[in-house]
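This report refers to the structure that appears directly beneath it.
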Protein chains: 2
Amino acid sequence: MSEMTQTASSEARPYHHGDLSRALVEAARRILETEGPAALSLRAVAREAGVSPAAPYHHFKDKGELLDAVAHEGWAALDAALGEARAKAVDSKERMTSLGVAYVCFARDNPALYRVMYDCSRDKDALPEQMKEEGAYCQVRNTIDERSGGTATPLDLELATIAAWCAGHGLAEMISFKQFDPLKEALGGEEAFLRAVFEHLGMFAKLDQA
Amino acid sequence: MSEMTQTASSEARPYHHGDLSRALVEAARRILETEGPAALSLRAVAREAGVSPAAPYHHFKDKGELLDAVAHEGWAALDAALGEARAKAVDSKERMTSLGVAYVCFARDNPALYRVMYDCSRDKDALPEQMKEEGAYCQVRNTIDERSGGTATPLDLELATIAAWCAGHGLAEMISFKQFDPLKEALGGEEAFLRAVFEHLGMFAKLDQA
DNA sequence: CACCGATCTAAACGACGTCAAGATAATCTT
DNA sequence: AAGATTATCTTGACGTCGTTTAGATCGGTG
């Protein structure tokens with residue numbers, strides 16, 4: 001089996017790595033966290049994993065495919081984060097806001113990973129299949145459905161899910177702009193700011209009045 | 001003065017271009033529209049403008065500064081688009097939705113430019129100054145203020161503006177995913193889809209009930 | 001007219017993504 | 001167990017990129 005996850009500084013590695021695919025993805029995530037998306041070159045990933053620049057091509061068709069793998073892990077992590085938030089909130093009314101806050105916090109805490117996730121999606125003009133089957137998107141839809149007491153029509157449910165997703169993503173992209181720092185302070189912290197914006201969105205006005 | 005906007009194929013250009021800054025920005029926009037953001041290299045821009053790869057450095061500190069100039073024009077174009085939409089809508093209730101639709105349509109019709117606009121903002125962790133003074137952001141705030149009859153507190157007004165902006169941006173980024181194509185058809189077109197989502201956002205529930 | 005600063009070119013550097021050839025090791029066949 | 005096959009990794013190369021340095025060219029000022 002594979003030894004430790006190994007960086008370039010380790011002792012001599014056997015000629016065959018053992019599990020280079022995995023090591024490359026982990027190296028990529030390490031670079032993303034420490035140096036940001038701009039530093040994420042294929043060569044840098046290979047360097048970090050301690051292999052030659054051409055080695056990754058035996059495991060991924062090209063750079064894009066490696067990033068796809070990274071993005072896949074990102075979506076899985078987001079799924080998990082939303083799942084936790086959903087489980088914690090007891091009140092159905094509050095659960096939706098918690099979900100939104102959790103989404104934005106994930107993006108804030110993993111900005112580079114979040115960027116890669118959407119960059120990959122854009123290249124394929126589609127959100128990952130992963131989301132369709134019990135992924136993050138479904139969690140949002142289920143939470144909304146639950147909140148509406150199951151009375152929402154499929155169309156309304158889908159529209160509400162899209163609306164919520166867009167609001168979350170939009171806020172996730174805005175939250176890092178320092179423009180809003182004074183406002184965050186005035187409201188007593190970032191999470192309070194998030195909750196205030198979500199409240200203003202009143203994303204479920206239509207469902208509530210039904 | 002400057003001759004025609006000139007591509008690489010034109011007849012011999014004088015050694016000094018005349019207005020290379022402008023020509024470079026225009027060349028960049030041309031490349032963005034025809035070949036997309038991935039093809040937008042400094043060298044390609046210089047090629048398109050018919051100058052050497054080093055020429056741009058006498059007008060812009062680096063590639064980022066050229067993109068800043070492109071982004072600046074993008075924000076101006078967005079301002080104009082929102083201004084038009086705002087002027088057309090007579091009903092105060094409808095005006096807000098029209099503004100949102102216009103925003104998303106701008107992003108859909110100028111996807112590469114829209115991307116450059118936000119990429120530049122991210123590099124500076126701030127939306128452009130441009131927006132602060134009668135720019136797009138102010139137009140949204142003014143429209144919201146107008147709608148609330150001027151009764152909204154400054155805090156509520158700011159939060160509502162942020163909420164609306166996030167919703168618009170989020171929807172703008174999602175609209176291109178083909179995931180939602182069936183839904184668009186079901187609703188009878190893309191604009192109908194946009195309006196439906198905006199309606200579901202009920203972005204002004206809080207202001208309306210006041 | 002001579003000069004000077006602004007503008008452009010030519011040539012080079014290192015880093016990048018990618019590919020073709022060859023080396024090495026694990027696995028399969030007999 | 002020995003040889004053949006296949007998967008994996010390295011070396012070296014190609015073209016492109018952003019950027020810098022040195023030199024060529026030109027417009028305007030004395």
Side-chain angles (χ1 to χ4, degrees), chain A residues 1-3 5-8 10-28 31-32 35-71 112 116 119-120 123, chain B residues 1-3 5-8 10-28 31-32 35-71 112 116 119-120 123:
Chain A
M1 303 307 152
S2 70
E3 319 228 343
T5 323
Q6 76 191 71
T7 55
S10 310
E11 75 286 353
R13 179 185 41 75
Y15 191 93
H16 286 72
H17 182 287
D19 194 358
L20 186 54
S21 314
R22 169 64 54 90
L24 287 171
V25 174
E26 285 171 4
I31 292 177
L32 271 183
E35 306 177 62
L40 189 64
S41 67
L42 236 197
R43 295 179 103 107
V45 173
R47 223 153 25 212
E48 170 78 19
V51 294
S52 85
Y57 286 89
H58 294 269
H59 300 269
F60 302 97
K61 187 173 123 301
D62 55 14
K63 185 185 179 184
E65 218 172 58
L66 170 56
L67 294 190
D68 282 347
V70 174
V116 170
D119 284 348
C120 287
D123 291 343
Chain B
M1 304 305 154
S2 69
E3 319 228 341
T5 322
Q6 79 189 71
T7 54
S10 310
E11 76 285 352
R13 178 184 41 76
Y15 192 93
H16 285 74
H17 182 285
D19 194 358
L20 186 54
S21 313
R22 168 63 56 90
L24 287 171
V25 174
E26 283 171 4
I31 292 176
L32 271 183
E35 305 177 62
L40 190 63
S41 67
L42 237 197
R43 296 180 102 107
V45 173
R47 225 153 25 215
E48 171 77 19
V51 294
S52 86
Y57 287 89
H58 293 270
H59 300 270
F60 302 98
K61 186 174 123 297
D62 54 15
K63 185 185 179 183
E65 217 172 58
L66 170 56
L67 294 191
D68 282 347
V70 174
V116 170
D119 284 349
C120 286
D123 291 343

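Keep in mind it's a predicted model, so treat the numbers as computed, not measured. By convention in this document, chain letters (A, B, ...) are assigned in the order of the sequence lines, proteins followed by strands, and residues within each chain are numbered from 1. Side-chain atoms are counted along with the backbone in the values below, which use heavy atoms only and exclude waters and symmetry mates.
- Shown here for A/Asp68 and A/Cys120, the closest heavy-atom pair between the two residues is OD1-SG, 3.4 Å.
- In this structure, B/Leu66 atom CG and D/dC17 atom P are separated by 14 Å, rounded to whole Å.
- Residue A/Val51 has its side chain nearest to D/dT10 when only D/dT10, C/dT9, C/dT18 are considered.
- Look at CZ on B/Arg47: it is 14 Å from P on C/dT9, rounded to the nearest Å.
- Taking both residues in full, the closest heavy atoms of A/Ala39 and A/Ile31 are given as O-CG2, 3.8 Å, listed atom of the first, atom of the second, then distance.
- To the nearest angstrom, C1' of C/dG17 lies 13 Å from CG of A/Leu40.
- Helical stems in DNA chain D, defined as runs of 3 or more consecutive Watson-Crick or G-U wobble pairs with both donor-acceptor distances under 3.5 Å, are listed by first residue as C:1-30 with D:1-30.
- Of all non-hydrogen atoms in B/Leu20 and B/Ala55, the two that sit nearest each other are CD2-CB, 4.0 Å.
- D/dC17 atom P lies 13 Å from atom CD of B/Glu48, rounded to whole Å.
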Result block: side-chain N/O donor-acceptor pairs under 3.5 angstrom for residues 59-67 of chain B, not counting sequence neighbours:
{"residue": "B/His59", "atom": "ND1", "partner": "B/Ser21", "partner atom": "OG", "Å": "3.0"}
{"residue": "B/Asp62", "atom": "OD1", "partner": "B/Gly64", "partner atom": "N", "Å": "3.3"}
{"residue": "B/Asp62", "atom": "OD1", "partner": "B/Glu65", "partner atom": "N", "Å": "3.1"}
{"residue": "B/Lys63", "atom": "NZ", "partner": "B/Leu40", "partner atom": "O", "Å": "3.2"}
{"residue": "B/Glu65", "atom": "OE1", "partner": "B/Lys61", "partner atom": "N", "Å": "2.7"}

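- Here the P atom of nucleotide D/dC26 and the CG atom of B/Leu20 are 16 Å apart, to the nearest Å.
- A pairwise comparison of heavy atoms in B/Val25 and B/Ala69 identifies CG2-CB, 3.8 Å as the closest pair.
- For the pair A/Asp19 CG and D/dA7 C1', the computed distance is 14 Å after rounding to whole Å.
- The stretch residues 55-65 of chain B touches DNA chain D through B/Tyr57, B/Asp62, B/Lys63, each having a heavy atom under 4.0 angstrom from the strand.
- Nearest heavy-atom pair across A/Leu24 and A/Ala46 is CD2-CA, 4.4 Å.
- Annotation: salt bridge (charged side-chain N to carboxylate O under 4.0 Å, His left out) contacts of A/Asp123 (sequence neighbours excluded): none.
- When each of C/dA20, D/dT19, D/dA13 is scored by its nearest atom to the side-chain atoms of A/Arg43, the top-ranked nucleotide is D/dA13.
- Distances shown here put a side-chain N or O of A/Ser41 below 4.0 Å from the OP1 or OP2 atom of C/dC16.
- Judged as a side chain to side chain contact (heavy atoms under 4.5 Å, CB included), and not counting sequence neighbours, the contacts of A/Ala54 are A/Ser52.
- Contact between B/Pro37 and B/Leu32 at its shortest, heavy atoms only, is CA-CD2, 3.7 Å.
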